[in-house]
Every structure is written in C-alpha cells, then in structure tokens.
Amino acid sequence: MINFETLCIRVGGVPADEIQHWIDSEWLRPEGAPGHYLFREIDEARAILIRELRHDLGVNEEGVPIVLSLLDQLYASRRQMLRLREALSIPRENELRSKLRGLMGMMPD
C-alpha cells in the first residue's frame, strides 16, 4: 500500500488538491483517515484512469462518475462470468444439477 504523497507522484501531472477532490467526490476510496490515507494498487490504477478521463479525454466533472459507474458494473459482470465459468468447469455434475434445480425449478435427469 502507498500513501497520498506517493500516489500523487505516481499519478503524475495532477495537483494534490485535485486528487483530494477525487477522494471527496468518492471517485477514489482509500483506506484510512484524512491525512493518513493508504492506497492499494487498484486505487492507483483508478487514479490513473481518472487522470486520463479528465486530462487526456476531456471528460467533464459530471461525466466522470457516470463513466466510473459503468466501468465498475462492467468489471463486476466480468468477475461474475469468471466465477460462473469456474463453476461450470467443476466436474461435480450432480452438485451442479442440484444448484441449477434450485435456481430454475425441477429439471429432468
């Protein structure tokens, strides 16, 4: 995990007060309290994405939360699909049938 100052350096080209605004707007959700924030690798990647949206792509203030929300939904769906793929590759056919019956009603054997 990295601190606020390190994040500012790694994101590059963004003033610390702007990154603080991202936190205040809940675009970034670090651990810890103000003045003692800690950021995970995923937070750093999200901060870089926000910088790209704002500075490189020109997404306005109102558009950023919309884009972030859509990306969060996309990644959540992707994680669900990966879990489903893993579940379907499990060779326990009877267990899978049992779970499907619970979801879809009675299935013929």
Side-chain angles (χ1 to χ4, degrees):
M1 297 188 75
I2 60 173
N3 63 22
F4 185 83
E5 291 77 20
T6 303
L7 179 75
C8 291
I9 292 167
R10 290 187 181 178
V11 170
V14 180
D17 62 331
E18 185 173 349
I19 293 177
Q20 182 61 53
H21 174 70
W22 300 348
I23 295 168
D24 295 341
S25 299
E26 297 185 354
W27 300 349
L28 284 177
R29 297 181 190 104
E31 294 181 20
H36 303 285
Y37 291 129
L38 292 175
F39 298 88
R40 296 168 291 156
E41 191 175 319
I42 192 76
D43 298 318
E44 181 181 349
R46 189 173 180 96
I48 291 168
L49 171 64
I50 294 168
R51 183 203 65 215
E52 291 173 353
L53 290 171
R54 295 287 289 143
H55 296 260
D56 300 344
L57 299 175
V59 176
N60 66 19
E61 182 89 11
E62 295 79 23
V64 172
I66 295 168
V67 172
L68 292 175
S69 175
L70 291 171
L71 286 171
D72 290 343
Q73 290 175 45
L74 178 65
Y75 288 126
S77 295
R78 184 174 181 266
R79 284 190 302 274
Q80 288 176 330
M81 292 302 295
L82 289 172
R83 284 194 297 267
L84 179 59
R85 188 180 73 185
E86 289 172 8
L88 291 174
S89 68
I90 295 173
R92 296 176 281 178
E93 185 176 331
N94 289 336
E95 182 180 335
L96 180 58
R97 281 182 190 234
S98 174
K99 288 182 181 185
L100 288 173
R101 279 191 192 109
L103 291 174
M104 301 172 68
M106 295 302 289
M107 288 179 45
D109 286 332

Pairing residues for A45 by the side chain to side chain contact (heavy atoms under 4.5 Å, CB included) criterion, not counting sequence neighbours: none

Residue list, side chain to side chain contact (heavy atoms under 4.5 Å, CB included) with R83, at least two apart or on another chain: R79, Q80

Hydrophobic cluster membership, L74 vs L82, 4.5 Å side-chain cutoff: no

Shared-cluster residues of L70, by chain and number - hydrophobic side chains joined below 4.5 Å: I66

ILVMFWY clustering at 4.5 Å (side-chain atoms), partners of M1: L38

Least distance between heavy atoms, I23 atom then F4 atom: CD1-CE1, 3.8 Å

Residues which pass side-chain hydrogen bond (donor to acceptor under 3.5 Å, both in side chains) with N60, listed by chain and number, not counting sequence neighbours: none

Over 12 non-hydrogen atoms of neighbours within 6.0 angstrom of CD1 in I42: no

Any residue meeting side-chain hydrogen bond (donor to acceptor under 3.5 Å, both in side chains) with R29, in chain and number order, not counting sequence neighbours: none

Residues in side chain to side chain contact (heavy atoms under 4.5 Å, CB included) contact with D72, at least two apart in sequence or another chain: R46

side-chain contact (heavy atoms from CB on, under 4.5 Å) evaluation trace for V64 with W22: CA-CA 10 Å; V64 172; W22 300 348; over 6 Å; no

Partner set under side chain to side chain contact (heavy atoms under 4.5 Å, CB included) for I9, not counting sequence neighbours: none

Test log, rule side-chain contact (heavy atoms from CB on, under 4.5 Å), inputs D43 and L7: CA-CA 9 Å; D43 298 318; L7 179 75; 5.6 Å; no

Check: residues 47-58 side-chain donor-acceptor pairs under 3.5 Å, at least two apart:
unit_1	atom_1	unit_2	atom_2	d
R51	NH1	V11	O	2.3
R54	NH1	V59	O	2.7
H55	NE2	E18	OE2	3.1

Straight-line distance of D17 CG to D24 CG, nearest 0.5 Å: 10.5 Å

Distance (rounded to the nearest 0.5 Å) between L28 CG and E44 CD: 11.0 Å

side-chain hydrogen bond (donor to acceptor under 3.5 Å, both in side chains) involving E61 - partner list, sequence neighbours excluded: H21

All side-chain hydrogen bond (donor to acceptor under 3.5 Å, both in side chains) counterparts of S69, not counting sequence neighbours: Q73

